[in-house]
Amino acid sequence: QVQLVESGGGLVQPGGSLRLSCAASGSIFSINTMGWYRQAPGKQRELVAAITRGGGTNYADSVKGRFTISRDNAKNTVYLQMNSLKPEDTAVYYCNAEITQTMFGYLRDYWGRGTQVTVSS
């Protein structure tokens with residue numbers, strides 16, 4: 001089995017920073033794209049940022065210039081550095097990873113349980 005475990009969420013004031021981490025563990029052969037999504041109350045889940053195994057990145061327009069995604073392939077871990085946080089960034093943040101469990105296995109999406117980020121004064 002595969003598990004994704006997020007950490008680093010919490011309460012922060014507007015303008016503050018947080019760093020989220022997500023570690024994948026279990027029976028893993030390789031990990032393709034890893035990403036962060038978020039879901040605010042009453043809204044659909046949306047992509048925040050994604051990063052390929054080779055380091056290519058993609059960001060939602062609303063977070064460009066403020067958030068930075070990175071990964072450590074040796075640790076099967078993805079990070080999200082969030083700076084200049086705004087109240088509208090408040091949401092549950094979910095980690096996602098495209099994982100194959102065997103050399104000839106198929107690619108499958110895995111999700112973490114989410115971590116709450118609240119931006120409020």
In the structure I gave you, are the side-chain heavy atoms of [X] and [Y] within less than 4.5 Å of one another anywhere?
{"X": "Tyr79", "Y": "Asp72", "result": "yes"}
{"X": "Phe67", "Y": "Leu85", "result": "yes"}
{"X": "Ile28", "Y": "Val2", "result": "yes"}
{"X": "Tyr59", "Y": "Thr68", "result": "yes"}
{"X": "Asn58", "Y": "Thr33", "result": "no"}
{"X": "Arg66", "Y": "Met82", "result": "no"}
{"X": "Arg38", "Y": "Val117", "result": "no"}
{"X": "Val12", "Y": "Ser17", "result": "no"}

### Query
Between Lys86 and Asp89, is there a salt bridge with N-O shorter than 4.0 Å?
no

### Task
Evaluate the side-chain contact (heavy atoms from CB on, under 4.5 Å) criterion for residues Ser120 and Leu11: first the C-alpha distance (whole Å), next the side-chain angles of each, then the deciding distance (0.1 Å), finally the verdict.
CA-CA 7 Å; Ser120 175; Leu11 173 64; 4.2 Å; yes

### Task
Assign the ring pair Trp111 / Tyr94 to parallel, tilted or perpendicular, where the plane angle (0 to 90°) is split at 30° and 60°.
perpendicular

Identify the heavy atoms of [X] and [Y] that sit nearest to each other, and give their distance.
{"X": "Ala97", "Y": "Ile31", "result": "CB-CG2, 4.1 Å"}
{"X": "Leu4", "Y": "Ala24", "result": "CD2-CB, 3.2 Å"}
{"X": "Trp36", "Y": "Ser21", "result": "CH2-O, 3.6 Å"}
{"X": "Ala40", "Y": "Ala91", "result": "N-CB, 3.8 Å"}

What's the spacing between [X] [atom1] and [Y] [atom2] if we round to 0.5 Å?
{"X": "Arg71", "Y": "Thr77", "atom1": "CZ", "atom2": "OG1", "answer": "10.0 Å"}
{"X": "Gln44", "Y": "Gln39", "atom1": "CD", "atom2": "CD", "answer": "8.0 Å"}
{"X": "Cys22", "Y": "Arg113", "atom1": "SG", "atom2": "CZ", "answer": "13.0 Å"}
{"X": "Ile99", "Y": "Asn32", "atom1": "CD1", "atom2": "CG", "answer": "10.0 Å"}

### Message
Atom CD of residue position Gln3 - does it have more than 12 heavy atoms of other residues, nucleotides or ligands inside 6.0 Å?
### Response
no

### Task
For atom CD of Gln1, decide whether the heavy atoms of other residues, nucleotides or ligands shown that lie under 6.0 angstrom number more than 12.
no

### Message
Among Leu80, Thr115, Val78, exactly one meets side-chain contact (heavy atoms from CB on, under 4.5 Å) together with Glu6. Which residue is that?
### Response
Thr115

For [Y], is there any backbone N or O sitting under 3.5 Å from a side-chain donor or acceptor partner on [X]?
{"X": "Arg53", "Y": "Met34", "result": "no"}
{"X": "Thr118", "Y": "Thr90", "result": "no"}
{"X": "Gln101", "Y": "Ser27", "result": "yes"}

Are [X] and [Y] connected in the hydrophobic side-chain network, where two residues link if heavy atoms are under 4.5 Å apart?
{"X": "Leu20", "Y": "Tyr110", "value": "yes"}
{"X": "Ile51", "Y": "Tyr93", "value": "yes"}
{"X": "Phe29", "Y": "Phe104", "value": "yes"}

